[in-house]
Protein chains: 2
Amino acid sequence: MDLTPFSTRQRILGAAEELFARHGFAGASLRQVTASAKVNLAAVNYHFGSKENLIEEVFRRRLDELNARRTELLAQCRDRADLGLEDVLDAFVRPALELSLSDAGGAAFVRVLARAYAEHDERLRRFLSDNYGHVLKEFAAVFARLLPQLDKEELYWRLDIVSGALTYAMADFGVLKRRSDVSEQEHRERTASHLIRFAAAGLRAA
Amino acid sequence: MDLTPFSTRQRILGAAEELFARHGFAGASLRQVTASAKVNLAAVNYHFGSKENLIEEVFRRRLDELNARRTELLAQCRDRADLGLEDVLDAFVRPALELSLSDAGGAAFVRVLARAYAEHDERLRRFLSDNYGHVLKEFAAVFARLLPQLDKEELYWRLDIVSGALTYAMADFGVLKRRSDVSEQEHRERTASHLIRFAAAGLRAA
DNA sequence: CTTAGATTCAAACGGCCGTTTGATTCGCCT
DNA sequence: AGGCGAATCAAACGGCCGTTTGAATCTAAG
């Protein structure tokens, strides 16, 4: 009987995701990762080449899907005649919300994403910018159309603030604790909804 | 001629601040810290007892002053008759802004603070909550008075989002690059000003 | 000057780190 | 059945980690 139907590769990625979320990239060792994944220590370097590459693969596995979904929802926005700020914000936030609800690893990954910002690592930033920067550009263009009163610089300031608030809130970094009478799913959906209303008001500010 | 007029203790704290900001708590080693501070390796354990305690002291040194200044500005708010949201937000943001402009270490510390959120470390969170939680409570009370239309839960949601956006923006985590024709000081002041306007609009949202 | 306490120092401690090796096992194809 | 590449394994590599030691060096009071 095989209790571990997932491949060695997948089990490593899953364990790395959770441990990186909890202890950071430097703080989580490959020994912890491989022990948690119940695979041999050498498997990481066999399948990924190095810890650095493993980190990149942890991002790639989730971001490919996340950004495809964002692009898809944004395309739906473009067709709408009565498009509101809230719709575009939803197209950006909802995929992250869905990811965080999909499974335990998805929730962990949202925290990993937030850690990536804090790390300020140049290689990691370039990797993210090279692979997923175009999606952010597409969103910025749609926001620009909806907020014609803002000049380009002002718009970029505000989008930067929005992405910060979003990253922070979805990663559950705040001090706000989930009430015990609210399910994890309900809690996250409320977070997203509050976030969108707050961000829309901030973007519209005089 | 003594080129290093600061005490061993202070030089360790300064070097630790900068290296923790750049590489994180796990990523910056005591060997890097003591080399950068030009002190003996053993000095850290002599003066602070452990790396954990050093981390706490890095926080204490700056937060005591930061929160005293916040409390002071908040007290001035209480006396004003025509108090606006922006004034209270300013009382919260300005001390962080002043700190980040005071010296290189201050700017580094603002990033260290943001890292503390990302670390999600239980001991660190308790330390921050125990020592500085009362200041946040005072601000929350004043915000509650200015936003009577929001119930308590709604208010806490929004303040949580505000503190996230603030932490993220002041730590320069965004992708927005400072324009070369704007000084570092001017850049940070604009950040604070944009932040306050954005947050005020978000807090006022219907 | 002497002495006691505070501080600094080089060196070493055991332990964990990321990575590599070379042998062994597995799964599949002819 | 035999062979071959892919995958797994235990073991070891050099190196850096946080911490401790005990001697050397300061500093200031008796």
Side-chain angles (χ1 to χ4, degrees), chain A residues 1-61 112 115-116 119 121-124 127, chain B residues 1-61 112 115-116 119 121-124 127:
Chain A
M1 186 175 80
D2 190 359
L3 289 171
T4 55
F6 296 105
S7 72
T8 296
R9 244 188 95 94
Q10 286 172 324
R11 305 235 301 299
I12 291 173
L13 286 170
E17 193 166 56
E18 188 171 311
L19 287 166
F20 287 157
R22 188 144 50 206
H23 305 297
F25 304 115
S29 73
L30 295 186
R31 281 171 174 81
Q32 290 176 272
V33 169
T34 52
S36 166
K38 297 194 204 308
V39 303
N40 187 273
L41 168 62
V44 168
N45 284 278
Y46 177 78
H47 286 282
F48 300 96
S50 69
K51 185 178 183 178
E52 274 292 334
N53 289 346
L54 169 61
I55 293 172
E56 285 193 4
E57 279 304 311
V58 165
F59 281 96
R60 199 189 310 274
R61 180 174 69 147
V112 170
R115 269 194 185 269
E119 290 288 331
D121 179 82
E122 201 47 55
R123 175 174 172 181
L124 199 53
F127 168 78
Chain B
M1 184 175 83
D2 190 0
L3 290 171
T4 57
F6 296 105
S7 71
T8 297
R9 243 187 96 93
Q10 285 173 323
R11 297 216 266 103
I12 291 173
L13 286 170
E17 192 166 56
E18 187 170 312
L19 287 166
F20 287 157
R22 187 145 48 205
H23 303 298
F25 304 115
S29 74
L30 295 186
R31 281 172 173 80
Q32 290 177 274
V33 168
T34 51
S36 167
K38 297 194 205 307
V39 303
N40 188 272
L41 168 62
V44 168
N45 284 278
Y46 176 78
H47 286 281
F48 300 96
S50 69
K51 186 178 182 178
E52 274 292 333
N53 289 346
L54 169 61
I55 293 172
E56 285 193 5
E57 280 303 311
V58 166
F59 280 96
R60 199 189 310 274
R61 180 173 69 148
V112 171
R115 271 196 185 268
E119 290 288 331
D121 179 84
E122 202 46 54
R123 173 173 173 180
L124 200 52
F127 168 79

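Computed from a predicted model, the values in this text were never measured in an experiment. Chain A is the first sequence line, chain B the second, and so forth, proteins listed ahead of strands; every chain is numbered from 1.
Looking at heavy atoms from C-beta onward, V39(B) lies out of side-chain contact with V44(B) at the 4.5 angstrom threshold.
Separation of atoms CD (E52(A)) and CG (D121(A)) is listed at 6.5 Å; rounding is to 0.5 Å.
With hydrogens and angles disregarded, no donor-acceptor distance shorter than 3.5 Å links the side chain of S36(B) to the backbone of Q32(B). Here the side chain of R31(A) pairs no donor or acceptor atom with the backbone of L41(A) at under 3.5 angstrom.
You can see that DNA chain C meets the heavy atoms of chain B within a 4.0 Å-exclusive cut from dA6(C) to dA12(C), reading 5' to 3'.
Nearer the 5' end of DNA chain D, as judged by each residue's closest nucleotide, is the contact made by L41(A), out of G27(B) and L41(A).
One finds a salt bridge joining E18(B) and R22(B) here, because a Lys/Arg side-chain nitrogen approaches an Asp/Glu carboxylate oxygen to under 4.0 Å.
E119(B) and R115(A) get closest at one heavy-atom pair: O-NH2, 3.0 Å. For the residue pair F25(B) and K51(B), the shortest heavy atom distance occurs at O-NZ, 2.8 Å.
Between F127(B) and F59(B), the angle of the ring planes goes over 60°, which puts this pair in the perpendicular group of the 30/60° scheme.
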Mind listing the N/O atom pairs, protein and nucleotides 4-9 of chain D, below 3.5 Å?
| residue | atom | partner | partner atom | Å |
| --- | --- | --- | --- | --- |
| dA7(D) | OP2 | Y46(A) | OH | 3.1 |
| dT8(D) | OP1 | T8(A) | OG1 | 2.4 |
| dT8(D) | OP2 | H47(A) | NE2 | 2.8 |
| dC9(D) | OP2 | N40(A) | N | 3.3 |

